[in-house]
A.B. asks: 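Here's a structure for you.
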Amino acid sequence: MTELSTNSIRLLDVKYGTSVDGSGLRTSIYCAGCEHHCPGCHNPQSWDVSAGQVYDINQLFEEIQKAEMNVTFTGGDPMLFPEGFIRLAELIKKNTDMTIWCYTGYKFETLMQHARRRALAELCDVIVDGPYLASQRDLSLPFRGSRNQRIIDVQSSINGRIVELIF
Ligand code: SF4
């Protein structure tokens, strides 16, 4: 894969008005690249780090602002290459009151041990963590596919006990 500039991000898609990637209507941003390769993954075409196309982060932020909806980072795994999402999350948090949800196949405790993934986590309001486990699949769960995945209140969980949100 060619190196991205610091103001670019590689994405599969951006969808406005989604209702399954977090509470309310949201702008969902689908990144390219995932190393978890969960059996039964709903979106295996997202595993390829070279898939999709390169977006300019400032232009993307302008579109997000225009949409006036809260934002979800998903994929793929946004935590695989966190730099572009850190830049985008900084713009969102500095200039709007939008909430950010982030889906990741890493467990929250693992993210906290990686400096740049932790930096991205700290800019988020909610993280839905852990791989999809087909053995724990549950279609009745809101906003996640398997029972091991947790909906975590990030700001309440950064420095201690993990606080899960119930929907
Ligand atoms: S973490 Fe998500 S995108 Fe990645 S393989 Fe697992 S289910 Fe698919």
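Ligands are counted one by one from 1 in listed order, and the atoms in each one are counted from 1 as well.
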A.B. asks: With no hydrogens and no angle check, is any side-chain donor or acceptor of Ser157 less than 3.5 Å from a backbone partner on Ile162?
C.D. replies: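 Pair absent, no side-chain N/O of Ser157 close to backbone of Ile162.
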A.B. asks: Please report whether the ring centroid of Phe73 lies less than 6.0 Å from that of Tyr103.
C.D. replies: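 Judged by ring-centre distance (under 6.0 Å), Tyr103 and Phe73 do not meet the cut-off.
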A.B. asks: Would Lys15 and Glu63 pass as an ion pair if we require N to O under 4.0 Å?
C.D. replies: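 Here Lys15 does not pair with Glu63 in a salt bridge, since their nearest N and O are not under 4.0 Å apart.
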A.B. asks: Looking only at protein heavy atoms, identify the closest one to atom 6 (Fe) of ligand 1 and say how far it is in Å.
C.D. replies: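 Of the protein heavy atoms, Cys38 SG, 2.3 Å lies nearest.
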A.B. asks: Taking atom 2 (Fe) of ligand 1 as the reference point, report whether a protein heavy atom occurs under 4.0 Å from it.
C.D. replies: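 Not a single protein heavy atom is under 4.0 Å away.
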A.B. asks: Got a second to check how far Leu88's CG is from Asn58's CG, nearest 0.5 Å?
C.D. replies: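 Output value for this atom pair is 9.5 Å.
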A.B. asks: Is Trp47 touching ligand 1 with its side chain, its backbone, both, or neither, if touching means heavy atoms under 4.0 Å apart?
C.D. replies: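 Near ligand 1, Trp47 shows its side chain, while the N, CA, C and O stay back.
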A.B. asks: Taking the six-membered ring for Trp, are His36 and Tyr106 parallel (under 30°), tilted (30 to 60°) or perpendicular (over 60°)?
C.D. replies: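 Ring orientation, 0 to 90° scale: perpendicular.
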A.B. asks: How far does CE of Met112 sit from NZ of Lys107, to the nearest 0.5 angstrom?
C.D. replies: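 Reported value, rounded in 0.5 Å steps: 13.0 Å.
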A.B. asks: In ligand 1, which numbered atoms sit nearer than 4.0 Å to a non-hydrogen atom of Tyr132?
C.D. replies: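 Selected atoms, number and element: 7 (S).
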A.B. asks: Can you report which non-hydrogen protein atom sits closest to atom 8 (Fe) of ligand 1, along with the distance?
C.D. replies: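 Result: Cys41 SG, 2.3 Å.
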A.B. asks: So if I count the atoms of ligand 1 from 1 in the order they appear, which ones are less than 4.0 Å from some heavy atom of Gly105?
C.D. replies: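 Answer for ligand 1: 1 (S).
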A.B. asks: Between Cys34 and atom 4 (Fe) of ligand 1, is there a contact where an N/O/S atom of the residue lies under 2.8 Å from the metal?
C.D. replies: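 Within the cut-off used here (under 2.8 Å), Cys34 does place an N, O or S atom near atom 4 (Fe) of ligand 1.
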